[in-house]
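Data block below; observations after.
None of the values given here were measured: they were computed from a predicted structure. Quick note: numbers below take in every heavy atom, side chains included, and nothing from hydrogens, waters or symmetry partners. Chain identifiers are assigned alphabetically (A, B, ...) following the order of the sequence lines, protein sequences preceding nucleic acid strands; residue numbering begins at 1 within each chain.
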Number of protein chains: 2
Amino acid sequence: MNKSEVKVIGALKREGKFSSAQSLYQLLRKNGESTGLATVYRTLQKAAAENIVDVLRKDDGEALYRLCDTGHHHHLVCTNCGKTVEVEASAVEKWASTVAKNNGFKKVTHVVELFGLCQKC
Amino acid sequence: MNKSEVKVIGALKREGKFSSAQSLYQLLRKNGESTGLATVYRTLQKAAAENIVDVLRKDDGEALYRLCDTGHHHHLVCTNCGKTVEVEASAVEKWASTVAKNNGFKKVTHVVELFGLCQKC
DNA sequence: AACATAAATGAGAATGATTATCAATATCAC
DNA sequence: GTGATATTGATAATCATTCTCATTTATGTT
Ligand SMILES: [Mn+2]
Ligand SMILES: [Mn+2]
Ligand SMILES: [Zn+2]
Ligand SMILES: [Zn+2]
């Protein structure tokens, strides 16, 4: 882990929720940590490629990142406060592979996310 | 259906696969149909709000639209040729509502898409 | 038809996230 | 240390999407 990775991934850890590159950049700057926007993007992309962070997209297309280094899973996200729960989804995994087989598709991946309002919101 | 809707939704129907606003605009222009980009976006957004088209996002964040006026369903998309199959997903619907209940979330929606390579590709 | 009024259209500008450049700086090998 | 190499960050460029607004087109009334 180089310097930038410590900074950016650290900020992501502190946030705990899905955050945008832009907001992480602002956050780091506010805390005095000098950083460039390009570095934030570079670090997040690398972390995504290494499956250290998960990525999803807001309705407007902006990418959101979250520290998720605990293997493949899916999320239930509160659209109001950002609270995020990691959920197991073996039923979905099974369904996906069946559908893939039935239609003769190979190398099938899936995008599965749940959005709603948490108890507090 | 006004003039623009006929043009844009018609182009979408001819395409049959998920297409971007930009590519639909180019397509209409190539076929001599005069159209503005703003109108294409407006028409697609309205159609999405009316559940006449489904929307998903490429990895780079660009929105893709597909004529899908047959009620709620999910897709299996070939990432190479764009071939798209509509798949039933009652197992996923059930799973989603169970997960929502277990975590005390309300008004939960889901994003579920499958991507892979079709038989031909 | 002629007219008033409202809706639709499209060219072009503005926005904003993401990506590309590239010179400055830090890190490493010897 | 010296030179090679990787990292950094300010800035510019890209590009999908949204906004503006003058012009055109549809709609309704007399
Ligand atoms: Mn899964
Ligand atoms: Mn569903
Ligand atoms: Zn909440
Ligand atoms: Zn294919």
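Not a single salt bridge (charged side-chain N to carboxylate O under 4.0 Å, His left out) links B:Asp59 to another residue, sequence neighbours left out. Listed by chain and number, the residues in a salt bridge (charged side-chain N to carboxylate O under 4.0 Å, His left out) with A:Arg42 amount to none (sequence neighbours excluded). Residues that satisfy the salt bridge (charged side-chain N to carboxylate O under 4.0 Å, His left out) test with B:Lys94, not counting sequence neighbours, are absent from this structure. Looking at residues two or more places apart in sequence or on another chain, you find no salt bridge (charged side-chain N to carboxylate O under 4.0 Å, His left out) involving A:Glu93. Residues meeting the ring-ring contact (aromatic ring centres under 6.0 Å, His included) test with B:Phe18, sequence neighbours left out: B:His75. Residues satisfying the side chain to side chain contact (heavy atoms under 4.5 Å, CB included) test with B:Lys3, not counting sequence neighbours, are none.
Here the range on DNA chain D touched by chain A, meaning any atom under 4.0 Å from one of its heavy atoms, is D:dT8 to D:dA10.
In this structure, CE of A:Met1 is placed 16 Å from P of C:dT27, rounded to the nearest angstrom.
Listed by first then second residue, pairs satisfying salt bridge (charged side-chain N to carboxylate O under 4.0 Å, His left out) with a partner in residues 44-58 of chain A read A:Glu5-A:Lys46, A:Lys46-A:Glu50, A:Lys58-A:Asp60, A:Lys58-A:Glu62, not counting sequence neighbours. For the ring-ring contact (aromatic ring centres under 6.0 Å, His included) condition, no pair includes a residue of residues 26-45 of chain B, sequence neighbours left out. Every pair tested for salt bridge (charged side-chain N to carboxylate O under 4.0 Å, His left out) that includes a residue from residues 99-118 of chain A fails, sequence neighbours excluded, so the list is empty.
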Nucleotide N/O to protein N/O under 3.5 Å, stretch nucleotides 5-9 of chain C:
residue : atom : partner : partner atom : Å
C:dT9   : OP1  : B:Ser4  : N            : 2.9
C:dT9   : OP1  : B:Ser4  : OG           : 2.7
C:dT9   : OP2  : B:Ser4  : OG           : 3.1
C:dT9   : O5'  : B:Ser4  : OG           : 3.2

Short heteroatom pairs, N/O only, protein and nucleotides 16-19 of chain C, under 3.5 Å:
residue : atom : partner : partner atom : Å
C:dT18  : OP1  : A:Ala63 : N            : 2.9
C:dT18  : OP2  : A:Tyr41 : OH           : 2.5
C:dT18  : O5'  : A:Tyr41 : OH           : 3.4
C:dT19  : OP2  : A:Gln45 : NE2          : 2.4

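For A:His74 and B:His110, the ring centers are positioned 6.0 Å apart or more.
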